[in-house]
Protein chains: 2
Amino acid sequence: MDHAADPDPVLIRLREGFERIALVLRADLWAAAGDAGLNPAQAQVLALLAARPAGLRAKAIAAHLAVSAPSMADTLSALERKRLLQRTPDPADARAVIARLTEEGRALGRAFASATSQVMVALARLSPGEQADLLLTQIKLIRTLQQAGAIPVQRMCVSCRHFRPNAHPAEARPHHCAFVDAPIGTRDLRLDCGEHEAADPDVQAATWTSFADGSPPLRAPADD
Amino acid sequence: MDHAADPDPVLIRLREGFERIALVLRADLWAAAGDAGLNPAQAQVLALLAARPAGLRAKAIAAHLAVSAPSMADTLSALERKRLLQRTPDPADARAVIARLTEEGRALGRAFASATSQVMVALARLSPGEQADLLLTQIKLIRTLQQAGAIPVQRMCVSCRHFRPNAHPAEARPHHCAFVDAPIGTRDLRLDCGEHEAADPDVQAATWTSFADGSPPLRAPADD
DNA sequence: GCGTTTTAATTAGGACTCCTAATATTATGA
DNA sequence: TCATAATATTAGGAGTCCTAATTAAAACGC
């Protein structure tokens, strides 16, 4: 397998930690989904699409949930059979289909997305500062994974054109969202915001530098 | 579902972050397992048992991987068919079965447990301090989940009778492992140590207090 | 403009996970 | 001792998940 230079042991431990937590997440998902007569794969699709009123292409859903397109076709068929989802042809591309939730599906998806789980109960016992640090670390990891092509582009604040890092230096909520025109702190940063609009690559890079370094914004705040 | 008082939004975001990372972990596992003609469930069993030379009961394996006993029986049968694992009756309890890896299974399991993954590549880009903080946070979460009964007891340093928190205050590696008789830093803390021996509950509680607060050890270091 | 290549989705086929319920067997305890 | 609990497995069934092959539409090259 990979005998070329064993990796730093701390990396293995951190991966193990994530794996342990992932097992609990999966168990939580079985519990929540099972109550509704579904399984984790179906629940994940509902939770994902609940935040996407316009729907998503089958291929994009597969990419977001890290399964193959045929696997996703199976799951979409199961959900359509259960009247929780509809597939319609994409007007912009006759090959593609767009999957949207029905009303019932949307209600279920929202419930899955906001349901309390055992992992959240454990997270609640961390201090607010630890929660903020953890969120920041997750954002860094997700950004790296995204840049490596391991996951599709996420709708995070840090890549949004409405995001103004360190617009209010030295305050508890140093950043700013120009869309809602409100200050935001580290704990408020979204991983999947419905209002996200990707900034230009150059702006994204500059925004990230400012965000990560705590330095003042590098660009004129006039493009909104 | 759970309409009683929506949870703190930051908890949902943190769970989402873990979910994103969990998807990558699963994809990594498919990739590694697929190369060996296995699937994630089988690879997880091999990785778990590779660290348990004495083997583990079927029920315990199921608990560790958060699946039902019949599901685990399926997976164990698949692995036995592939000659990667053997089931033998437990001499201490004629109802129980102990699963052990064959030589081939052990080699594969070790490879899975130490293989580099996309998540580890991303983790490597964090600073050493961030890695230490993240590991500490994971330990806190895992400990809480363990106390809540969401996961079985783990073989972590912080619950081991050989662990001496803050034995070397104000040093880079403040803790100490009496088994290997060496100082250990936060980054060295194990989540699953083969030499783990559970300390008495009272001692565990005192150890945790000292560890989490950074205060000196509360007990006489004479029980080893 | 028209063939070639690429892309999106699905079907086909098969291994296997995962569940609940039921069963056999052994341990535990009133 | 006899009922209860615990361990594992079998039975049955839904559904995930893969790769390979297929259909159809879009994009590209010249």
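To find a chain, count down the sequence lines: A is the first, B the second, and so on, and within it residues start at 1.
Within residues 46-64 of chain B, the residues having any heavy atom closer than 4.0 Å to DNA chain D are, in order of number, B:Arg57, B:Ala58, B:Lys59.
With sequence neighbours excluded, the residues that form a side chain to side chain contact (heavy atoms under 4.5 Å, CB included) with A:Arg155 are A:Ala51, A:Arg52, A:Asp192, A:His196. Not a single side-chain hydrogen bond (donor to acceptor under 3.5 Å, both in side chains) links A:Lys59 to another residue, sequence neighbours left out. Under the ring pair (Phe, Tyr, Trp, His ring centres under 6.0 Å) criterion, B:Trp30 pairs with no residue at all, not counting sequence neighbours.
For CD of A:Gln204, the number of neighbouring non-hydrogen atoms (other residues, nucleotides, ligands) closer than 6.0 Å is greater than 12. A 6.0 Å sphere centred on CD of B:Glu80 holds more than 12 heavy atoms belonging to other residues, nucleotides or ligands.
With the end axes of the helix from C:dG1-D:dC30 to C:dA30-D:dT1 each set by five pairs, the angle from one to the other reads 30° at 10° resolution.
A donor-acceptor pair under 3.5 Å links the side-chain atoms of B:Thr137 to the main chain of B:Asp133, judged by distance alone. Distance alone, capped at 3.5 Å, is enough to place a donor-acceptor pair between the A:Arg15 side chain and the B:Ala115 backbone. Looking only at distances, no side-chain donor or acceptor of B:Gln118 sits under 3.5 Å from a matching main-chain atom of A:Leu145.
A side-chain N or O of A:Arg100 and one of A:Thr88 form a donor-acceptor pair less than 3.5 Å apart. Between the side chains of A:Ser77 and A:Arg87, at least one donor N or O lies within less than 3.5 Å of an accepting N or O.
Atom P of nucleotide D:dA26 and atom CG of A:Asp90 are separated by 10 Å, given to the nearest angstrom.
Between D:dG15 and A:Lys82, a contact under 4.0 Å exists linking OP1 or OP2 to a side-chain N or O.
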Base versus backbone protein contacts along nucleotides 17-30 of chain C [heavy-atom cut-off under 4.0 Å; B, S, -]: SBBBB---BBS---
